[in-house]
Asker: 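Just dropping this structure here.
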Protein chains: 4
Amino acid sequence: MLFDSPSSFGRAFRILSFGESHGVAVGVVLDGVRPGLPFEVEAIQAELDRRRPGQSDLVTPRKEADRVQVLSGVFEGKTTGHPIALAVFNENQRSSDYKAITELFRPGHADLTYDRKYGIRDPRGGGRSSGRETLARVAAGAWAKRRLAELGVTIRGFNREIGGLAGTAVDWAFVEQNPLRVADAQTFEAQKAAVEDARAEGDSVGGVCEVWIEGLPIGLGDPTFAKLDALLAYAMMSIGAVKGVEVGAGFDGARRRGSENNDPLSPDGPLKNDAGGTLGGISTGAPVVVRLAVKPTSSISKTQQTVTKEGEAAEISTKGRHDPCIAPRVVPVAEAMAAIVVYDAWLSQQELRDGSVETVTEWDWEALEGLIRGLNP
Amino acid sequence: MLFDSPSSFGRAFRILSFGESHGVAVGVVLDGVRPGLPFEVEAIQAELDRRRPGQSDLVTPRKEADRVQVLSGVFEGKTTGHPIALAVFNENQRSSDYKAITELFRPGHADLTYDRKYGIRDPRGGGRSSGRETLARVAAGAWAKRRLAELGVTIRGFNREIGGLAGTAVDWAFVEQNPLRVADAQTFEAQKAAVEDARAEGDSVGGVCEVWIEGLPIGLGDPTFAKLDALLAYAMMSIGAVKGVEVGAGFDGARRRGSENNDPLSPDGPLKNDAGGTLGGISTGAPVVVRLAVKPTSSISKTQQTVTKEGEAAEISTKGRHDPCIAPRVVPVAEAMAAIVVYDAWLSQQELRDGSVETVTEWDWEALEGLIRGLNP
Amino acid sequence: MLFDSPSSFGRAFRILSFGESHGVAVGVVLDGVRPGLPFEVEAIQAELDRRRPGQSDLVTPRKEADRVQVLSGVFEGKTTGHPIALAVFNENQRSSDYKAITELFRPGHADLTYDRKYGIRDPRGGGRSSGRETLARVAAGAWAKRRLAELGVTIRGFNREIGGLAGTAVDWAFVEQNPLRVADAQTFEAQKAAVEDARAEGDSVGGVCEVWIEGLPIGLGDPTFAKLDALLAYAMMSIGAVKGVEVGAGFDGARRRGSENNDPLSPDGPLKNDAGGTLGGISTGAPVVVRLAVKPTSSISKTQQTVTKEGEAAEISTKGRHDPCIAPRVVPVAEAMAAIVVYDAWLSQQELRDGSVETVTEWDWEALEGLIRGLNP
Amino acid sequence: MLFDSPSSFGRAFRILSFGESHGVAVGVVLDGVRPGLPFEVEAIQAELDRRRPGQSDLVTPRKEADRVQVLSGVFEGKTTGHPIALAVFNENQRSSDYKAITELFRPGHADLTYDRKYGIRDPRGGGRSSGRETLARVAAGAWAKRRLAELGVTIRGFNREIGGLAGTAVDWAFVEQNPLRVADAQTFEAQKAAVEDARAEGDSVGGVCEVWIEGLPIGLGDPTFAKLDALLAYAMMSIGAVKGVEVGAGFDGARRRGSENNDPLSPDGPLKNDAGGTLGGISTGAPVVVRLAVKPTSSISKTQQTVTKEGEAAEISTKGRHDPCIAPRVVPVAEAMAAIVVYDAWLSQQELRDGSVETVTEWDWEALEGLIRGLNP
């Protein structure tokens, strides 16, 4: 059903996103949800809180409560098997900040393309192309994540790089303790400085976000179009600011020889995981590792060359409260999209096999994790 | 219909792929085709011939005629507006080559995952995970390409890198003249040597394929999930051996500052094209540039560690006639997938605007191309 | 997206219905809406008011305000080309009325099947199987109707029969003036008496609803599965209480000879319209006539034999404020479903022909209407 | 995926039909098929043989072998879990018979509408609107029927009426022994005479086909749009010549009172089955009974008034070898469509409940059948 609506995603587990940045509400309808499952709205809210702005001086100071409301599909704390509509009503939007956009097209933003595509545009915060649309994704992903947790699948993300500076260690405990969501305390200070310097100069920096999906069964994904990594690439590239995606060794692997790139197989599973957890688009049971190229925030206060709505040359200096680096807030969104793809693939495999999904228990996860960490020395 | 079947792709222009590597036929059904359009089977065959093996000593010497047959949807050389079923009947398959696979799982291949996913597997050439499935994609893409040509859109691909060696110049005339489909005559010999060395050692190399989509209108793609670049990432990652995708500056862009990465706008269009032809997932009218990480061929004759169908340790040395580098044959497949995505997006935009699509004529394409070439100095 | 979710309907114009009878809200998301179209919420509200209960002493006295709220997709009174989410928040539900249902399965209702299907059930008013779900359909249909009106297509319905008593004349002015929505003033009193007698005896009656779709172009609908009449049959049978559908001469036609049943063609169009406006599933341009068999309301206060949730024999006498005849309230729902199907088919035909739809102006509508009236002498 | 292509049908079990009456082949792709299931091509062929023309002097004498060929998705007699493409290559088509159609539009046929819809038309036998397209349905339905048989579900059809003459007894043994597929030997002769008289006069007659679906579990179908009876209505009305559908008491029920129409429930199941096996669109476990209004064959040799392709008045007398009554050949097609809908609903329910479907064993089927027979005294 994916393309049926450009605002929908998924097949066995489907979501339909709605709502504009400054409209009445941003929401999502979850469909394909099994009946009788516990539904804790707190779990949804917890993920929404992770993506909320204003959490540190390294991201936008905008304050948004973003309280989610359940409109349907849940009865006495359990799913009914029917569409679950969730909505976050908008508040505290300073439209004045965006007044400029009505006249000028911001470089790096969808203003020009959006305007020409629809012939009509809600200039207040970019309408559907706004980062606020990710509220719908995070809410839906929170549910998928919750279900996957029950199935023994964990999804975690962090920023491997910020401003071109890459960390090496992966200390999960540290990730949620620092405002950049990086995993290596050694490189954090330098990365932090890079962001602060950029902001001081009215500029911005990008990053590379990495998501790990662990505890997967063998057999998720399809060998033709709906490859698990193809769906992940689709999901990740559909996040604003993401311009590249790679799985496992990715572009590095393209520069190796087959004998070096192939992961030898052993009775305990693959002996390394450069494939990033998939073979022929189907999960091997090893951790799936996805890396996202997050471009630097397009909204900067530095003066840039642009055009007016009428197509005349002009200059723009975006005011408003923007993130000098959006990567930290991309992490929960990337985790959410990963959860949606994987839960969908899990249900699809259940359907294909009338309920049974082959899980893998005997493998040496620690060893495999070690090999993943080895990917980017 | 995309996810509805893992073997289908597209929304306004839909394809359904069928057929196994060594089955009766590999085919595709094209749906959403307008009535009354000229249908030249030769145009389809020409693209199939480009992907055919056995065209040089740098790829597999396997000979396959791969003649396409039209089963429906065309009457007296014109489309009827109904499903067009195309089939290529299989021939000259040396199943014996693949006998080993029934017992051993090949590292880097879908053997293990496919077997566990379905519980049944046609061991002759990998069934649906075989490269032969791309016949369906190339046939469908050939039609899309043909339609796009009428609309002024051209899609061309080449290998930017082979075996870790990158070319810089982009000489389109040279691309179809060399067996590696590289665009820079300067680096061709070194790249050729890399492939030959690998083959001599029973090994293989990978590459980086680049596709350019030129002559696009403004407005293709959607700002939420169905972003043009997200669909391209999905399409490209669904090609076997592709493990990474980037658009425009991609991962490089993630290491820049916003002021450097943003493309300034001018009345003549963007002043550079690091965005790779999309803003907010919607085409800007500038050329779309996509890069694919193609892993080295997994089938190598070097001895590798693996497991048997029963999960016991074993060694394997893949015989058979394989490509020491698959990248040259990935090019036409990548072009085909790009054509399918773009034609689908074009029809979707036509639908959204009840027929009208805004084209861009006044921009300075030469200047923009220059800037694309500038992407990888 | 139709079957992708059992709660969705349509292809080019798509709706997704959500919400339970006694939940927080009942709503619908409209998708595939073109940008820049005027959106008057009053037009939606007007149709919702037509289906509202408590409008006469012949239907349930329940009072429900049913105010619709626009959550997304509209900016300054115009559509943005993005999903339009509409919600009606529930109020004034007397759950106590339904307490019995938790223990007893009501004959003629979905209680038994719903409970066994989902294993969980919101007993308050039947959850998704409640008549309140039609709020979503009427809201969506109101928009489709509005668009069709602009295109010269009118959709009107009335009850041809009530309690087995059939009217002959079709006086549209009278339809909205009487609580049964019948079109023949001559038979109204007798029909009214039939309803009152039934109610007096704690019983109910059924009816036959007829919908006319006029001003259609030639060419809507597809010759295979998506026949216009097949989609109408699907849409109508998806309305609770509807157990039969016929188009044109319907079951009468099956008892005729071909020479009698065929509609001869003339330069001015078909010379009669027993086909009911379609040939081979495609609209002829003549009015489409659909007839629905509406069963008598299942909720009656007469004592009936039933079973408990545990499957033991029991007796039930449904209290609560129910409609002695639901047919009058089915009319606006049937019109809404017809509008959704026809608008979807119109957009589909526009897509097939890249914008152009062939309209019919030269035909003698009066004559054709005459022939429709002639269907049930 | 249903509407995604007007040539596709189904959600969990999907089919895509292709091919024109006089094209190279008519075929169908089955998708959503589980892996490892036995696939007997003979079972498919057997159903195709039932719909084949030329089986008696009461239907068209045209002879067509209609041999089905499996192109993909089956390996060593078992399904692979991938798309199964089936094709029947066309032969023995006497196009000359249809030459007239290029100039004249046949009353009752899709000629006029098809021509105006597509702007292009394969005049040889009606292209996609030809009865030959049902080959795809019967082939797909044969597979679904086969699967359902394994699940204890049987689907059988017969003609309740021919030429306005209704039988009462339902003798299944007799159905396949007479060329009209009627179930009551008492009325057969009169019905046979009605068909022969019509043919003698160059005319045709219609009929009412009835399909019984027995052995269903509780819980198939959805309470909103995808009601089991709504899907059946859709499927049946998508068969050419069908202009009406009713479930259970259907139109009769609309003329009853609720106390009479409701089926009382008992620990052994419903005490009668006027609901026709569904409540709220969900199967009760009782037999589902569907009735189809089949119009008289439109192709008659009697002279009729029509128009030319240019819209001028003309007369037509269809030659060619047509069926004086198409109802006998509609029976296997109706069974096939019923099987497709029910198997799809079964898989959907399995998906909703992660594999488990609640079956009903303790009910008194004989008693229930008796009550169905009681429907039309």
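Reminder, nothing fancy here: chain letters follow the sequence lines and each chain counts from 1.
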Asker: Quick check for you: among B:Glu310, B:Gln304, B:Gln349, which has the greatest number of heavy-atom pairs under 4.5 Å with chain A?
Answerer: B:Gln349
Asker: At a 4.5 Å cut-off on heavy atoms, which part of B:Ser259 comes close to chain A: side chain, backbone, both, or neither?
Answerer: both
Asker: So which of A:Gly280, A:Gly253, A:Pro264, A:Ser204 has the biggest tally of heavy-atom pairs under 4.5 Å with chain B?
Answerer: A:Ser204
Asker: Could you measure the distance from the CG atom of B:Asp263 to the OG1 atom of A:Thr306? Nearest 0.5 Å is fine.
Answerer: 11.5 Å
Asker: Tell me, for B:Thr278 versus chain A, whether the close heavy atoms (under 4.5 Å) come from the side chain, the backbone, both or neither.
Answerer: both
Asker: For chain A, find which of B:Gly108, B:Ala230, B:Gly206 contributes the most heavy-atom pairs closer than 4.5 angstrom.
Answerer: B:Ala230
Asker: The criterion is salt bridge (charged side-chain N to carboxylate O under 4.0 Å, His left out); which residues satisfy it with A:Glu201, sequence neighbours excluded?
Answerer: B:Arg257
Asker: If we only count heavy atoms from C-beta on, is the B:Arg255 to A:Val208 side-chain gap below 4.5 Å?
Answerer: yes
Asker: Check the pair A:Asn262 / B:Arg106 against side chain to side chain contact (heavy atoms under 4.5 Å, CB included), numbers first and verdict last.
Answerer: CA-CA 10 Å; A:Asn262 285 348; B:Arg106 297 166 298 172; over 6 Å; no
Asker: Give the member of A:Val245, A:Val290, A:Leu292, A:Val205 that has the highest number of heavy-atom pairs under 4.5 Å with chain B.
Answerer: A:Val245
Asker: Once salt bridge (charged side-chain N to carboxylate O under 4.0 Å, His left out) is applied, do any residues pair with B:Asp229, and if so which ones, sequence neighbours excluded?
Answerer: A:Lys243
Asker: Would you check if B:Leu352 and A:Lys117 make a side-chain contact, meaning some heavy-atom pair closer than 4.5 Å?
Answerer: yes
Asker: In terms of heavy-atom pairs under 4.5 Å with chain A, which of B:Met236, B:Arg137, B:Lys302 leads?
Answerer: B:Arg137
Asker: I'd like to know if the side chain of B:Thr113 and the backbone of A:Ser283 have a donor-acceptor N/O pair within less than 3.5 Å.
Answerer: no
Asker: Between A:Met237 and B:Val247, is there a side-chain heavy-atom distance shorter than 4.5 Å?
Answerer: yes
Asker: Among A:Val307, A:Asp111, A:Ile316, A:Thr308, whose side chain to side chain contact (heavy atoms under 4.5 Å, CB included) with B:Leu265 holds?
Answerer: A:Val307
Asker: Let me confirm one number: the CD1-OG1 distance from B:Ile239 to A:Thr224, rounded to the nearest 0.5 Å.
Answerer: 12.5 Å
Asker: With a 4.5 angstrom heavy-atom cut-off, which part of B:Val294 approaches chain A: side chain, backbone, both or neither?
Answerer: backbone
Asker: Measure from the side-chain N and O atoms of B:Lys295 to the backbone N and O of A:Ala254, and report whether any donor-acceptor pair falls under 3.5 Å.
Answerer: no
Asker: Might you point out which heavy atoms bring A:Asp222 and B:Tyr118 nearest each other, and give the distance in Å?
Answerer: OD2-OH, 3.3 Å
Asker: Looking at A:Gly244, A:Ser238, A:Ala275, which one has more heavy-atom pairs under 4.5 Å with chain B than the rest?
Answerer: A:Ser238
Asker: Quick check for you: to the nearest 0.5 Å, what is the distance between B:Ser266 atom OG and A:Glu312 atom CD?
Answerer: 13.0 Å
Asker: If you compare all heavy atoms of A:Pro267 against all heavy atoms of B:Ala313, which two are closest, and at what distance to 0.1 Å?
Answerer: CG-N, 3.7 Å
Asker: Show, in sequence, the C-alpha distance, side-chain angles and deciding distance for B:Ile282 and A:Leu112, and conclude whether the side chain to side chain contact (heavy atoms under 4.5 Å, CB included) test is met.
Answerer: CA-CA 9 Å; B:Ile282 304 170; A:Leu112 164 69; over 6 Å; no
Asker: Which heavy atom in A:Ser7 sits nearest to a heavy atom in B:Phe225, and how many Å separate them?
Answerer: O-CE1, 3.2 Å
Asker: Can you tell which part of A:Thr297 gets under 4.5 Å to a heavy atom of chain B, answering side chain, backbone, both or neither?
Answerer: backbone
Asker: Among B:Gly207, B:Ala136, B:Gly164, B:Gly258, which residue has the highest count of heavy-atom pairs closer than 4.5 Å to chain A?
Answerer: B:Gly258
Asker: For B:Glu133, is it the side chain, the backbone, both or neither that has a heavy atom under 4.5 Å from a heavy atom of chain A?
Answerer: side chain
Asker: Under 4.5 Å from any heavy atom of chain A, what part of B:Met337 do you find: side chain, backbone, both or neither?
Answerer: side chain
Asker: Report yes if some heavy atom in the side chain of A:Leu271 is under 4.5 Å from a heavy atom in the side chain of B:Gln305; otherwise report no.
Answerer: yes
